[in-house]
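Structure, as structure tokens:
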Amino acid sequence: MQFPNYRPRRLRRSETLRAMVRETTLDITDLIYPLFVEFGENVRREVSSMPGVFNISLDQLPAEIDELRSLGIPAVILFGIPDHKDEAGSGAYAEDGIVQQAIRTIKKHDPDFYVITDVCMCEYTSHGHCGALDESGCVMNDVTLELLAQTAVSHAEAGVDMVAPSDMMDGRVAAIRSALDAEGFDQVPIMAYSAKYASAYYGPFREAADSTPAFGDRKQYQMDPANGEEALREVALDIDEGADIVMVKPALAYMDVIRRVKDEFGYPTAAYNVSGEYAMVKAAAGNGWIDEKRVVLETLTGFKRAGADMIITYHAKDAARWLKEGM
Ligand code: PBG
Ligand code: ZN
């Protein structure tokens, strides 16, 4: 392979040719849309740090699902904003909790629309941490496992299609898998937030989900952004414990981790294009500094090229429209 025999530009001369040799495709069916649901009626409140993303009340769900379906987006991941928070995060596993009601509302409206739920405690605990605390303010791992398992089962009872634990406790995939199986939900897959980093990119999400820790940070359970080898160990653990899909989160600063996870395990791999990544694009686009459509499609294609099979992204609706236009 040597110039002048090999001239890479030869295959770039027309769109037909470029399309013929294109290695990566981005499809609407790769996209999962995050939805923030709360109690009340007629609520449709824009998240100030995430233009175009809204917290919506239960009654708005049918119209929202219709819109997603018409765009061809196959799935949502639900986050709940409860009406009260307590020390134990009881709203996470309440039978009539916000996520449980949201699942039932969607399934009643459109039984075939694919519903994934985030399984964590931080939106429900008064202290905003992802599990139960001991006296010193440290999240207790094994006690939290039971709460998470109970939460996952309550989602399954409400009819969820897939659960996605995001808490980063050790052993949570095994705990959730065995609890689901014991209750007859052996066909409900687990998408594990396996390599989830203690990231500054979650800021806007915490505004939307009202889940900022009241004190401290999440560095005792989420991963150090400096570590790549450890991500492989986390993924290996989750796969051993029964994860069906593994996730890397955030995505943009962790493209190398996505690639390594895909190469090492060959498992279905999800990338979470998180709130701060979305906010940066929206801010730059709002100022006219970048071409939003091209930047978003380039970024999402980059996740696919890095090895992601599916992408959780707040850009999903826009991306779906743009992908449709392009066809
Ligand atoms: C809950 C959870 C978080 C996100 C997804 N699930 C926040 C956090 O861990 O603090 C972040 C998603 C985003 O930033 O878009 N544990
Ligand atoms: Zn959490």
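Ligands are counted one by one from 1 in listed order, and the atoms in each one are counted from 1 as well.
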Worksheet item: At the Zn ion (ligand 2), what angle lies between atom SG of Cys120 and atom SG of Cys122, rounded to 10 degrees?
Response: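 Value returned, to the nearest 10°, is 120°.
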Would [X] count as a contact of ligand 1 if the rule is a heavy atom under 4.0 Å away?
X	answer
Met168	no
Tyr278	no
Cys122	yes

Worksheet item: So which bit of Ser166 gets within less than 4.0 Å of ligand 1, heavy atoms only: side chain, backbone, both or neither?
Response: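 Both parts.
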Item to complete: Check each heavy atom of Asp118 against ligand 1 and say whether those closer than 4.0 Å belong to the side chain, the backbone, both or neither.
Response: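 Answer for Asp118: side chain.
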Give a yes or no on whether the backbone of [Y] and the side-chain of [X] come within a donor-acceptor separation of less than 3.5 Å.
X	Y	value
Lys107	Pro111	yes
Glu230	Asn227	no
Glu277	Leu252	yes

Which atoms of ligand 1 are found less than 4.0 Å from any heavy atom of [X]?
X	result
Tyr272	12 (C), 15 (O)
Phe79	5 (C), 6 (N)
Arg218	8 (C), 9 (O), 10 (O)

Practice prompt. Show your reasoning for whether side chain to side chain donor-acceptor pair (under 3.5 Å) applies to Ser49 and Glu207.
Written response: CA-CA 8 Å; Ser49 51; Glu207 181 203 336; 2.5 Å; yes
Fill in: Glu241 with Arg177: basic N within carboxylate O range, under 4.0 Å
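No.
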Looking only at protein heavy atoms, which one is nearest to [atom], and what is the separation?
atom	value
atom 9 (O) of ligand 1	Lys196 NZ, 2.6 Å
atom 15 (O) of ligand 1	Tyr314 OH, 2.6 Å
atom 14 (O) of ligand 1	Ser275 OG, 2.7 Å
atom 11 (C) of ligand 1	Lys249 NZ, 2.8 Å

Worksheet item: Any nitrogen or oxygen of Arg206, main chain or side chain, under 3.5 Å from a nitrogen or oxygen of ligand 1?
Response: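 Between Arg206 and ligand 1 (N or O atoms, distance only) the closest approach is under 3.5 Å.
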Item to complete: Specify whether an N/O/S atom of His129 falls short of 2.8 Å from the Zn ion (ligand 2).
Response: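 His129 does not place any N, O or S atom closer than 2.8 Å to the Zn ion (ligand 2).
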Fill in: Val261-Tyr267 co-clustered via ILVMFWY side chain contacts under 4.5 Å
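Same cluster.
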Discussion item. Nearest 0.5 Å, please: how far is CG in Asp27 from CG in Asp309?
Written reply: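 Here the rounded value is 11.5 Å.
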Worksheet item: Of the listed options (Tyr221, Phe205, Tyr197), which comes nearest to atom 7 (C) of ligand 1 when hydrogens are ignored and any heavy atom counts?
Response: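 Selected option, by shortest heavy-atom distance: Phe205.
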Practice prompt. Measure from the ring center of Phe54 to the ring center of Phe36 and say whether it is less than 6.0 Å.
Written response: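 Distance test on ring centres: not under 6.0 Å, no.
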Discussion item. Before we go on, tell me: are the rings of Phe205 and Phe79 under 6.0 Å apart, centre to centre?
Written reply: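 Centroid distance Phe205-Phe79: below 6.0 Å, so yes.
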Practice prompt. State which residue, out of Leu147, Ile98, Thr151, fulfils the side-chain contact (heavy atoms from CB on, under 4.5 Å) condition with Tyr124.
Written response: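 Going through Leu147, Ile98, Thr151 one by one, the side-chain contact (heavy atoms from CB on, under 4.5 Å) with Tyr124 is satisfied by Ile98 alone.
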